[in-house]
Amino acid sequence: MREVLDDLVAEQQSLDDVVASLTPAQWQLPTPSPGWTIADQIGHLTYFDGTAALAIVDPDGFTEQMNVLLGAGTTGRSADDITLGAYRSMTPEELLVAWRTNRSALAAAGATLENDTRVAWYGPSMGAKSFLTARLMEAWAHGHDVVDAISIAGGDAAREPTDRLRHISQLGFITRGWTYVNRGLDVPPAPVRVELVAPSGDTWRFGPEDASESIVGPALDFCLVTTQRRHVDDTTLVVTGSAARDWMEKAQLFAGPPSDGPAPGRAPGRA
């Protein structure tokens, strides 16, 4: 539990290091998420880091806030109005302070969790470790949107991958079934072996060794596909078998309604 929390804090700080030196104009750059600027990406993280802290320390208060968001459509407000409205009126400096405040609150709340604690969230409750892993995944994935936006605009936003990707890789593997259930589909019966090369050079293995279908390649690419930041054809993953291919084309490790990742060739920097 402590390792996941420490890695979450480190992942958030890695993104902070990227955005802290941006100019006001760069904060308004469009990102791969339609209609969202870099500021919106950070606003999104700020809102949900805050509600995550609330879910741990005040489950009833979280439920009230969740119901407001889930009922947005009946009040004529969009989800973005609720989650981003307050942050869109902030300066970059104010937004950074708000994000850092909510991150600190989440870190303090997360330190009180036990391994067997369950945390209320949008949908089924989550085990404490999975809950913190999901926050780490969000920080990394939305951070990738930020880095892509800066790079597309010609800026320098290198962010080296780290072995913190193991948490996201494991989440990507265990949510294979969720990908299909969320779409109302049966999970293909064929098991899939996943072998990933970590940024450190280690190999991470998931799934049965004797599986005839497999996904092999960099952990970074697997995380990009399962978070729907890249199409599998725009990575170096070697995918063997029809079930493995189908999974990589549909993969969605995050909660929420079914969604599709980018089409082939839509990776930033490509025509």
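Counting from 1, the numbers follow the sequence of the chain as shown. We use all heavy atoms of the structure for the numbers below, so side chains are in, but hydrogens, waters and symmetry mates are not. Here the structure is a predicted model, which is why all the values come from computation and not from measurement.
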Pairs meeting criterion salt bridge (Lys or Arg N to Asp or Glu O under 4.0 Å) with involvement of [range], two or more places apart:
{"range": "residues 20-34", "result": "none"}
{"range": "residues 93-102", "result": "Asp16-Arg100"}
{"range": "residues 21-37", "result": "none"}

Could you give the distance from [atom1] ([X]) to [atom2] ([Y]), rounded to the nearest 0.5 Å?
{"X": "Met248", "Y": "Phe222", "atom1": "CE", "atom2": "CZ", "result": "4.5 Å"}
{"X": "Gln12", "Y": "Leu45", "atom1": "CD", "atom2": "CG", "result": "8.0 Å"}
{"X": "Asp221", "Y": "Thr226", "atom1": "CG", "atom2": "OG1", "result": "10.5 Å"}
{"X": "Ile56", "Y": "Thr112", "atom1": "CD1", "atom2": "OG1", "result": "6.0 Å"}

Worksheet item: Hydrophobic cluster mates of Leu84, side-chain heavy atoms under 4.5 angstrom, ILVMFWY only, any path?
Response: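 Under the 4.5 Å side-chain rule, Leu84 groups with Trp36.
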Practice prompt. With sequence neighbours excluded, give me every side-chain hydrogen bond (donor to acceptor under 3.5 Å, both in side chains) pair touching residues 205-218.
Written response: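 Counting only pairs at least two positions apart or across chains, no side-chain hydrogen bond (donor to acceptor under 3.5 Å, both in side chains) contact touches residues 205-218.
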Practice prompt. Using salt bridge (Lys or Arg N to Asp or Glu O under 4.0 Å) as the criterion, list what pairs up with Arg164, not counting sequence neighbours.
Written response: Glu11
Fill in: Residues in salt bridge (Lys or Arg N to Asp or Glu O under 4.0 Å) contact with Asp260, at least two apart in sequence or another chain
Arg183
Worksheet item: Quick check: are there more than 12 heavy atoms from other residues, nucleotides or ligands sitting under 6.0 Å from CG of Asp186?
Response: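 Counting other residues, nucleotides and ligands, CG of Asp186 stays at 12 neighbours or fewer.
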Counting N and O atoms only, with roles assigned by atom type, does the side chain of [X] sit under 3.5 Å from a partner on the main chain of [Y], one being a donor and the other an acceptor?
{"X": "Asn67", "Y": "Thr63", "result": "yes"}
{"X": "Gln26", "Y": "Thr23", "result": "yes"}
{"X": "Asn182", "Y": "Gly256", "result": "yes"}
{"X": "Gln252", "Y": "Phe254", "result": "yes"}

Could you go through residues 127-135 and list every donor-acceptor pair under 3.5 Å that involves a side-chain atom there, pairing it with any protein atom two or more places apart or in another chain?
from   : atom 1 : to     : atom 2 : distance (Å)
Thr133 : OG1    : Lys129 : O      : 2.8
Arg135 : NE     : Asp49  : OD1    : 3.2
Arg135 : NH2    : Asp49  : OD1    : 2.8

Discussion item. ring-ring contact (aromatic ring centres under 6.0 Å, His included) for Trp99 and Tyr87? Distances and angles first, verdict last.
Written reply: CA-CA 10 Å; Trp99 183 38; Tyr87 304 116; over 10 Å; no
Discussion item. Test of understanding: with side chain to side chain donor-acceptor pair (under 3.5 Å), list the residues that count as partners of Glu249, not counting sequence neighbours.
Written reply: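 By the side chain to side chain donor-acceptor pair (under 3.5 Å) rule, Glu249 matches Arg245.
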Worksheet entry | Results of side chain to side chain donor-acceptor pair (under 3.5 Å) for His231 - residues two or more places apart only | none
Discussion item. Can you tell me how the ring of His142 sits relative to the ring of His44, calling it parallel under 30°, perpendicular over 60° and tilted otherwise?
Written reply: tilted
Item to complete: Return the set of residues passing side chain to side chain contact (heavy atoms under 4.5 Å, CB included) with Thr37 (not counting sequence neighbours), or none when no residue passes.
Response: Gln28, Ala39, Asp40
Worksheet item: By side chain to side chain contact (heavy atoms under 4.5 Å, CB included), which residues pair with Asp202, not counting sequence neighbours?
Response: Asp163, Ala198, Ser200, Trp204
Fill in: Pair Ser259-Gln228, side chain to side chain donor-acceptor pair (under 3.5 Å): steps then yes or no
CA-CA 9 Å; Ser259 63; Gln228 296 189 349; 2.8 Å; yes
Worksheet item: Is any side-chain heavy atom of Pro199 closer than 4.5 Å to a side-chain heavy atom of Thr162?
Response: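 The answer is no; the side chains never approach within 4.5 Å.
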